[in-house]
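Naming: A, B, ... by sequence-line order, numbering from 1 per chain.
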Protein chains: 2
Amino acid sequence: MTSSKIEDAPIGPVPAEAGPTQLSLGVAARLSRYLQVLTQAQKTGRATLSSQELSDYTRVNSTQIRRDLSGFGKFGKRGVGYNVDALADEIRQILQAGSQQNIALFGAGHLGKAIGSSGIFADHGFNVIAVFDADPKKVGMNVGGQAVRPIEDAKRVIEEQDVLVAVLAVPGEAAQVLADTLVAAGVRIIFNYSESLLDVPAEVTVHTSNPAADLLHALYFYLS
Amino acid sequence: MTSSKIEDAPIGPVPAEAGPTQLSLGVAARLSRYLQVLTQAQKTGRATLSSQELSDYTRVNSTQIRRDLSGFGKFGKRGVGYNVDALADEIRQILQAGSQQNIALFGAGHLGKAIGSSGIFADHGFNVIAVFDADPKKVGMNVGGQAVRPIEDAKRVIEEQDVLVAVLAVPGEAAQVLADTLVAAGVRIIFNYSESLLDVPAEVTVHTSNPAADLLHALYFYLS
DNA sequence: TAGATTGTTAATCGATTAACAATC
DNA sequence: TAGATTGTTAATCGATTAACAATC
């Protein structure tokens with residue numbers, strides 16, 4: 001019974017200048033993708049980006065991008081495009097990003113090390129505050145500047161530091177039992193990088209990574 | 001100018017017993033997710049799965065799942081559900097999976113090792129036929145049972161083995177130059193695990209992994 | 001000014017959902 | 001039989017797209 005509190009999505013495109021109505025599922029997903037592109041564009045020093053360029057990178061239709069954005073204000077300049085810094089700030093505000101969430105990472109194998117030492121979460125203001133592993137031989141190893149801790153400490157750390165988000169980079173066999181423990185300790189969003197399917201209570205959101213499914217789907221269109 | 005041949009999607013739900021019409025973008029994406037779940041369910045020995053269970057794991061509405069499937073035949077048994085093995089086979093046929101694609105993996109760092117040694121692609125009939133790295137110190141290392149090769153060999157291997165799919169697990173700075181080389185050699189689908197944005201010709205599909213964007217989006221709904 | 005790109009409308013299409021008869 | 005779940009219809013809502021005036 002994997003499920004999600006994201007289930008019954010609400011309210012559509014918001015009237016211009018609208019207040020903090022709950023975003024629809026689709027709009028929120030797209031806005032976060034625009035933000036991802038803007039964040040990268042900032043790094044390469046781009047000052048402006050047009051809706052067409054955003055479309056090229058996100059695969060979202062450019063008209064829809066303009067429509068999504070214009071629901072919250074007139075952020076663009078005709079003939080020029082959108083100011084990268086300003087638009088990134090606007091989207092962060094809309095998404096209420098910057099809430100400085102603490103993340104716990106589980107598994108210090110290859111994948112755990114890759115996630116822990118990449119800046120991928122830090123770039124968006126998330127802190128990986130702890131890395132855990134069940135293997136005593138891995139405890140104490142350095143992953144992304146932190147010593148790996150024993151899995152037995154997880155419950156305490158989650159509770160003490162109000163960890164809502166857990167990233168699972170563990171073997172499939174270990175995932176369900178671990179997920180049960182984490183949910184009991186207070187975790188509400190799980191990023192599952194194991195191949196295992198997870199059963200969690202309805203109030204918990206599971207996000208499963210699926211490269212093989214994505215590839216199957218990409219290939220279908222290539223081969224057709 | 002990242003773009004995709006998946007852009008202009010075609011044709012909707014197909015009349016029952018329809019032939020090999022091109023699937024719509026959404027249907028193909030969903031079918032590949034159903035297949036992913038079925039493949040996992042097979043491993044745990046499940047014999048049948050109901051549309052509701054598939055819905056729990058994929059977050060796709062159960063009515064839509066039944067609708068997607070019934071477009072291709074009557075695969076389910078009322079009061080029972082879908083036979084896991086049989087449905088997996090049907091979906092593989094619909095998606096024309098099993099075409100035994102060769103995949104090349106770039107980057108033998110933590111992420112490359114994680115991908116190379118996981119069975120995630122092999123499970124779906126994809127062969128990771130080579131692992132490349134630009135660092136001479138990594139050449140020769142064992143990743144998923146293969147010796148890492150120097151990046152200079154990539155062009156030849158791609159051409160000789162008809163590699164259409166490349167997985168990029170390289171640092172952001174290296175990604176664009178590498179992508180250009182790969183596209184020139186014949187690659188048409190790129191899985192980009194670097195944080196860099198890629199510009200590729202229109203005939204190439206880029207799939208960028210985006211955990212931070214996904215998290216932002218999941219958190220928005222949690223916090224609202 | 002001329003060219004580019006936004007903001008917005010209107011029309012179409014696909015996704016979502018509830019409901020329920022059919023049937024295993 | 002009784003309970004469960006499919007296959008299918010109909011109604012609604014959101015996404016997609018083309019088009020274009022406004023304007024930088």
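Following rounding to the nearest Å, A:Leu54 (CG) and C:dG7 (P) show an atom-to-atom distance of 12 Å. Distance CD1 (B:Ile65) to P (D:dT6): 9 Å, rounded to an integer number of Å. Rounded to a whole Å, the CD atom of A:Gln64 is 16 Å from the P atom of C:dT9. A:Leu25 has its CG atom 13 Å from the C1' atom of D:dA15, to the nearest Å. Computed from coordinates, the A:Arg30 CZ to D:dG14 P distance equals 11 Å when rounded to whole Å. Distance CZ (A:Phe72) to P (C:dT6): 17 Å, rounded to an integer number of Å. In this structure, the CD atom of A:Gln52 is 16 Å from the C1' atom of C:dG3, given to the nearest Å. Atoms CG (B:Leu23) and C1' (C:dG14) sit 14 Å apart, rounded to a whole Å.
At the heavy-atom level, A:Ser62 lies nowhere under 4.0 Å from the strands shown.
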How would you summarise protein contacts on nucleotides 18-24 of chain C per nucleotide, using B for base, S for sugar-phosphate only and - for none, with heavy-atom distances below 4.0 Å? BB-BBBB
Bracket string, DNA chain D, 5' to 3' - pairs by Watson-Crick or G-U geometry under 3.5 Å, | interstrand: ..||||||||||||||||||||||
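Ring geometry, A:Tyr193 versus A:Phe191: the interplanar angle falls from 30° to 60°, so the pair is classed tilted.
A donor-acceptor pair under 3.5 Å is formed between the side chain of B:Ser32 and the backbone N or O of A:Ala213. In this structure a side-chain-to-backbone donor-acceptor pair under 3.5 Å is present from A:Asn83 to A:Ala86. Between the A:Asn61 side chain and the A:Ile65 main chain, no donor and acceptor come within less than 3.5 Å of each other. A donor-acceptor pair under 3.5 Å links the side-chain atoms of B:Glu53 to the main chain of B:Ser50, judged by distance alone. Side-chain atoms of A:Tyr220 come within 3.5 Å of backbone N or O of B:Leu23 as a donor-acceptor pair. Within the 3.5 Å criterion, the main-chain N or O of A:Asp214 finds no donor-acceptor partner in the side chain of B:Arg33. A donor-acceptor distance shorter than 3.5 angstrom exists from the side chain of A:Asn102 to the backbone of A:Gln161, with no hydrogens or angles considered.
Contact annotation: A:Ser70 reaches the phosphate of C:dT8 (side-chain N/O to OP1 or OP2, under 4.0 Å).
Of the candidates C:dG7, D:dG7, D:dA15, the closest approach to any side-chain atom of A:Lys74 belongs to C:dG7.
Partners of B:Tyr34 by ring pair (Phe, Tyr, Trp, His ring centres under 6.0 Å), not counting sequence neighbours: none found.
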